[in-house]
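Below: the structure, in structure tokens.
All values reported here derive from a predicted model rather than from experimental measurement. Each ligand, and each atom within it, is numbered from 1 in the order the structure gives.
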Amino acid sequence: MKKRVILAGLAASALAVGLVACAPAADSGSGGGSAAGEGGLIGVAMPTKSSERWIQDGDALKAQLEDAGYTVDLQYAEDDIPTQVNQIENMVTKGAVALIVASIDGTTLTNVLGDAASADIPVIAYDRLLRDTDAVSYYATFDNFLVGQQQAWSVLNGLGLTELDGTEIAGAPAGPFNIELFAGSLDDNNAFFFFNGAMDVLQPYIDKGTLVVKSGQTAIEQVATLRWDGETAQSRMEDILTSQYSDGTKVNAVLSPYDGISRGIISALTDAGYAVGTDFPIISGQDAELDSVKAINNGEQYATIFKDTRDLAKKAVEMTVAVINGDTPDVNNTTDYDNGVKVVPSFLLEPVTVVKSNITSVLIDSGYWTDAEING
Ligand code: BGC
């Protein structure tokens, strides 16, 4: 009995090796009943599991693609570029009918995506633009410039200068407020959109002296954080506190582009003696990660930008299925996302600013996090 199973297994794998162009059968996790897997294999390449959002993106994509009748090869590359290249190469070899890719470094996949194009496999860029390639058909993302504006408005709101939508508050304090700036990873196209959006809002306040960047570091190259790494941000914040604020002056606000970076900044501030309720700065964020939502509740972080990964997955699945079927997907932006080779037709979803007062209505009522997860 046992032997037969092994032989059958060997025969099945021999068949699989011989028929690489065929989609593998549906795995046991598919929920699409008899239709599961019939649409073929879709490769989903995600950057890392070290940030919650990509796990949620991957889970949502897998579930929705399986419901639509596809088999899914979902891979995470732990922020290692050669690993991601290999994973995508494997998806091409296995005969994927489409690829959905959230890159680590949007410029490093040109060759492997060229292989996908040669095999007529359509590629959807997911959240992050794929650069320097014509092998990308469509792009599903959020309005990234608006994300940056919202981050800056949240900082201004925390300082009492504007509403969360940027409307100026009458009789707002004159400042000056000390602010330090952080940006994301320079190999991620989104980092530029976030930072440009934020500076579009903050620069006029810096110009009129309401905001002061004591470190003088205002160029994206000076404030960037490779791989969006929280520890890297923490040590830059520590350096800034030592070099600029050891004379007793206080940093009043920190522009942070991502919750993981915000947590590094919070650690540096806490270690330096800043305390909630007395002198803790206003800090922005992005992604509504659970620990950061808790940090908003306890006053360490002021705001985050929520981008519902379920909606993004839905949009990417719609696009992918349309392309596979030879239909034209719905897009709402055909001007802003030039990847160096072509302007990629895009669908931009709308991000939402979350502060303490709307955690329940935005995050709990929508089922993104439960009350127990946040408050339990
Ligand atoms: C995403 C953000 C995320 C960041 C770090 C960006 O490309 O758009 O949502 O915070 O990467 O993972």
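The contact set between ligand 1 and D188, taken as ligand atoms under 4.0 Å from a residue heavy atom, comprises 6 (C), 7 (O), 11 (O). Residue contact check: N190 has heavy atoms under 4.0 Å from atoms 1 (C), 6 (C), 7 (O), 8 (O) of ligand 1. Each of the following atoms of ligand 1 lies closer than 4.0 Å to a heavy atom of R128: 4 (C), 5 (C), 6 (C), 7 (O), 11 (O), 12 (O). Close approach to R53 involves these atoms of ligand 1, each under 4.0 Å from a residue heavy atom: 1 (C), 2 (C), 8 (O), 9 (O).
Tested against L156, the residues L164, I169, I179, V201 include a single side chain to side chain contact (heavy atoms under 4.5 Å, CB included) partner, V201. Checking F193, F192, F347 one by one against Y337, the ring pair (Phe, Tyr, Trp, His ring centres under 6.0 Å) holds for a single residue, F193.
Counting protein heavy atoms only, atom 1 (C) of ligand 1 is closest to D127 OD2, 3.2 Å. Protein heavy atom closest to atom 3 (C) of ligand 1, with residue, atom name and distance, is D287 OD2, 3.3 Å.
On a distance-only criterion, S51 and ligand 1 share no N/O pair closer than 3.5 Å. Distances between N or O atoms of K307 and those of ligand 1 include at least one value under 3.5 Å. At under 3.5 Å, not a single nitrogen or oxygen of Y258, backbone or side chain, sits near a nitrogen or oxygen of ligand 1.
Using a 4.5 Å heavy-atom cutoff, the side chains of K307 and L312 are not in contact. Side-chain atoms of V317 and K314, non-hydrogen and from C-beta on, never get closer than 4.5 Å to each other. The closest side-chain heavy-atom distance from T162 to Y205 is below 4.5 Å.
Ion pair R53/D57 flagged as a salt bridge, since at least one NZ, NE, NH1 or NH2 atom sits closer than 4.0 Å to an Asp/Glu carboxylate oxygen.
Within the 4.0 Å heavy-atom criterion, neither part of Y126 lies near ligand 1. Here V147 has no heavy atoms under 4.0 Å from ligand 1, in either its backbone or its side chain. Residue contacts with ligand 1 for W54 involve side-chain atoms from C-beta outward but no N, CA, C or O (heavy atoms, distance under 4.0 Å).
Closest approach of K214 and E180 over heavy atoms only: N-OE2, 3.4 Å.
Here the CG atom belonging to D291 is positioned 11.5 Å from the CD1 atom belonging to I296, to the nearest 0.5 angstrom.
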